[in-house]
K.L.:
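The structure under discussion is supplied below as structure tokens; questions concerning it will follow.
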There are 2 protein chains.
Amino acid sequence: MMRPLRRELMFQLVETARLLRTYVDQRARQHGTTRAQWGVLSRLRRAEGLNQAALAEQMDLQPISLTRLVDRLEQQKLVERREDAADRRVRLLHLTPEGRELVEGLDTVRGEIAGEVLAGVDDAAIVMALETLGTIRDRTRPQRDERAQAARAAGRAA
Amino acid sequence: MMRPLRRELMFQLVETARLLRTYVDQRARQHGTTRAQWGVLSRLRRAEGLNQAALAEQMDLQPISLTRLVDRLEQQKLVERREDAADRRVRLLHLTPEGRELVEGLDTVRGEIAGEVLAGVDDAAIVMALETLGTIRDRTRPQRDERAQAARAAGRAA
DNA sequence: CCCATCTCATAAGCCTGCTTATGATATGGA
DNA sequence: TCCATATCATAAGCAGGCTTATGAGATGGG
């Protein structure tokens, strides 16, 4: 096993996350939803009335990815798109009563899963892992400001 | 921010891995491939001549997921499926010369990425993160042995 | 005021994962 | 030997990411 530590961590991070994603998806399915949709509902509960662009940015998702998630949530009547009187392009997202009820139930499940999966791991280890993940996240996160600046600069130059 | 540590880690793990996956995909694309396909090539280099079931198990992937990855790799002439004289159901996987060349070049890239993304993080933190990930991985990994045993037991009972 | 430019949402098309199901082949016990 | 069962690979169909492209509407500098 000569694999250097840093490469090993890259590898394990992606693999572990995939396993965890699948695991959480199975749990979510027992409640008739999916991990990704659950994520949208959760955020929406804490910040209702967001438009899709703002929510996508908050979730580090491409707007089109969120559009399709919301399509499915809307079909299931868990989320509503409402018009914005001030800007006819935007759609403001609201939970329906059913959506609110579902997400509140799921909150319990999230806690259960975290307990199962991390039982016996002490807080110090979790804090350290969070820090390391934060570093990775910052270095791989798409730099939206820079991207927008670059686009503007290119526009100016052209 | 009252979010408990363990829930926060679950969340950050999945989000960070997604960002990393996308980042690595972009790098892989510069070499004309994808992260997932690269993964297959890497494993194959270290264990050529595996059949698909064995490789899927090693990668914690469902066989069908691997089948389609291999389809694309075969189309690109990076991998070959060969018949097994001893069992006509199985296909043995081999790298082509082009496949071997590609994966050897990519090895450098993997090291580069690990360095960029984890620069300044000390070894102790990486070891701890690996340990925590290992715990999660073990608890979320599908238990193939148990599953197979359950299937056998069900068979016997029926 | 008007037009170039930006932004919001979405479409099209791709990759990769999953579950469920199926056909071909192997295998082991009666 | 023969049949029930298991295993290997794959198909169908879905979810959820992505890139690239487009139309509608907002906005600001000239």
K.L.:
For the pair A:Asp84 and A:Arg89, find out whether any cationic side-chain nitrogen is under 4.0 Å from an anionic carboxylate oxygen.
P.N.:
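Salt bridge between A:Asp84 and A:Arg89, a charged N being under 4.0 Å from a carboxylate O: no.
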K.L.:
Quick check on D:dT10: is either OP1 or OP2 less than 4.0 Å from any side-chain nitrogen or oxygen of B:Thr67?
P.N.:
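Indeed, a polar side-chain atom of B:Thr67 lies that close.
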K.L.:
Considering the terminal five base pairs at each end of the helix from C:dC1-D:dG30 to C:dA30-D:dT1, what angle separates the two local helix axes, rounded to 10°?
P.N.:
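The end-segment axes of the helix from C:dC1-D:dG30 to C:dA30-D:dT1 are tilted 0° relative to each other.
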K.L.:
Closer than 4.0 Å, any side-chain N/O of B:Gln26 to the OP1 or OP2 of D:dT19?
P.N.:
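Indeed, a polar side-chain atom of B:Gln26 lies that close.
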K.L.:
How do B:Asp71 and B:Thr22 order along DNA chain D: which one's closest nucleotide is nearer the 5' end?
P.N.:
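Looking at the nearest nucleotide for each, B:Asp71 comes out on the 5' side.
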K.L.:
Take atom OH of A:Tyr23 and atom P of C:dT19, then tell me their distance rounded to the nearest Å.
P.N.:
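Computing the A:Tyr23:OH to C:dT19:P distance gives 14 Å.
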K.L.:
Could you tell me whether A:Asp25 contacts a base, only the sugar-phosphate backbone, or nothing, with contacts defined as non-hydrogen atoms closer than 4.0 Å?
P.N.:
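If one applies the 4.0 Å heavy-atom cut-off, A:Asp25 turns out to touch nothing in the nucleic acid.
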K.L.:
Answer with base, sugar-phosphate or nothing: what part of the nucleic acid does A:Leu66 contact at a heavy-atom distance below 4.0 Å?
P.N.:
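Nothing, no nucleic acid heavy atom in range.
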K.L.:
Rounded off to whole Å, could you give me the CG-to-C1' distance for the A:Leu20 and C:dC18 pair?
P.N.:
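From A:Leu20 CG to C:dC18 C1': 15 Å.
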K.L.:
Can you check whether A:Arg72 has a side-chain N or O nearer than 4.0 Å to OP1 or OP2 of D:dG16?
P.N.:
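So the side chain of A:Arg72 is within the cut-off, an N or O lying under 4.0 Å from OP1 or OP2 of D:dG16.
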K.L.:
Looking at the side chain of B:Ser65, which of C:dC14, D:dC8, C:dG17 is the nearest nucleotide?
P.N.:
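Closest nucleotide among those given: C:dG17.
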K.L.:
Using modelled atom types only, decide if a donor and an acceptor are shared between the side chain of A:Thr16 and the backbone of A:Leu13 within a distance under 3.5 Å.
P.N.:
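Side chain of A:Thr16 to backbone of A:Leu13: no pair is present.
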K.L.:
Taking the minimum atom-to-atom distance to the side chain of A:Arg68, which one of C:dT16, D:dT10, D:dG17 wins?
P.N.:
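The listed nucleotide nearest to A:Arg68's side chain is D:dG17.
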K.L.:
CD of A:Glu83: more than 12 outside heavy atoms within 6.0 angstrom?
P.N.:
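Not more than 12 within 6.0 Å, no.
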K.L.:
Salt bridge between B:Arg68 and B:Asp71, side-chain N to carboxylate O under 4.0 Å?
P.N.:
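Between B:Asp71 and B:Arg68 there is no salt bridge, as every charged N stays at least 4.0 Å from the carboxylate O atoms.
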K.L.:
Taking CZ from A:Arg21 and C1' from C:dT19, how many angstroms apart are they, rounded to a whole number?
P.N.:
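Distance check: A:Arg21 CZ to C:dT19 C1' gives 16 Å.
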K.L.:
Are B:Val70 and B:Trp38 joined in one hydrophobic group, where the rule is that I, L, V, M, F, W and Y side chains link up if heavy atoms are under 4.5 Å apart?
P.N.:
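Same cluster: B:Val70 reaches B:Trp38 through Ile, Leu, Val, Met, Phe, Trp or Tyr contacts under 4.5 Å.
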K.L.:
Report which part of the nucleic acid A:Arg18 touches: base, sugar-phosphate, or nothing (heavy-atom distance under 4.0 Å, all strands).
P.N.:
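Sugar-phosphate: the residue A:Arg18, judged by heavy atoms under 4.0 Å, touches backbone atoms but no base.
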K.L.:
Measure CD/A:Glu15 against P/C:dC18 and give the value in whole Å, please.
P.N.:
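After rounding, the gap between these two atoms is 10 Å.
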K.L.:
Ignoring the backbone of B:Gln52, work out which of D:dT20, D:dT10, C:dA9 is nearest its side chain.
P.N.:
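Minimum distance to the B:Gln52 side chain belongs to D:dT10.
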K.L.:
Okay, side chain of B:Glu48, backbone of B:Leu95: is any donor-acceptor separation there less than 3.5 Å?
P.N.:
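Looks like yes, one N/O pair under 3.5 Å.
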K.L.:
Can you sort out which residues in residues 75-95 of chain B have a heavy atom within less than 4.0 Å of DNA chain D? Ascending by number, please.
P.N.:
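Nucleic-acid contacts, sorted: B:Arg81, B:Arg89, B:Val90, B:Arg91.
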K.L.:
For a quick test of reading the model, state the closest non-hydrogen atom pair linking A:Arg139 to B:Ala119 and the distance between them.
P.N.:
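Heavy atoms only, the tightest pair is NH1-O, 2.8 Å.
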K.L.:
May I ask you to check whether B:Arg110 and B:Ser42 show a side-chain donor-acceptor distance below 3.5 Å?
P.N.:
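The criterion, which ignores hydrogens and geometry beyond distance, is satisfied for B:Ser42 and B:Arg110.
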K.L.:
So which of residues 27-41 of chain B are in contact with DNA chain C, with a heavy-atom cut-off of under 4.0 Å?
P.N.:
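Going residue by residue through residues 27-41 of chain B, the ones with a heavy atom under 4.0 Å of DNA chain C turn out to be B:Thr34, B:Arg35, B:Ala36, B:Gln37.
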K.L.:
Can you name the nearest heavy-atom pair linking A:Arg35 to A:Val24, along with the distance?
P.N.:
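So the minimum-distance heavy-atom pair works out to CG-CG1, 3.6 Å.
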K.L.:
Does B:Arg137 pair with B:Asp60 as a salt bridge, N-O distance under 4.0 Å?
P.N.:
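Yes, B:Arg137 and B:Asp60 are salt-bridged.
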K.L.:
Please check the phosphate of C:dT20 (OP1 and OP2 only) for any side-chain N or O of B:Gln62 closer than 4.0 Å.
P.N.:
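Answer no for this pair, as no side-chain N or O of B:Gln62 is under 4.0 Å from OP1 or OP2.
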K.L.:
Nearest whole angstrom, please: distance from the P of D:dA15 to the CG of A:Leu61.
P.N.:
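That distance rounds to 17 Å.
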K.L.:
For the residue pair B:Thr96 and B:Lys77, what are the closest heavy atoms and their distance?
P.N.:
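In this case the closest contact between B:Thr96 and B:Lys77 is OG1-O, 2.7 Å.
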K.L.:
When you measure from the side chain of B:Arg18 to the backbone N and O of A:Val14, does any donor-acceptor pair fall under 3.5 Å?
P.N.:
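No, because the side chain of B:Arg18 does not come within donor-acceptor range (under 3.5 Å) of the backbone of A:Val14.
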K.L.:
Please state how far atom CD in A:Glu57 lies from atom P in C:dT7, giving the value in whole angstrom units.
P.N.:
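One finds 11 Å between P of C:dT7 and CD of A:Glu57, rounded.
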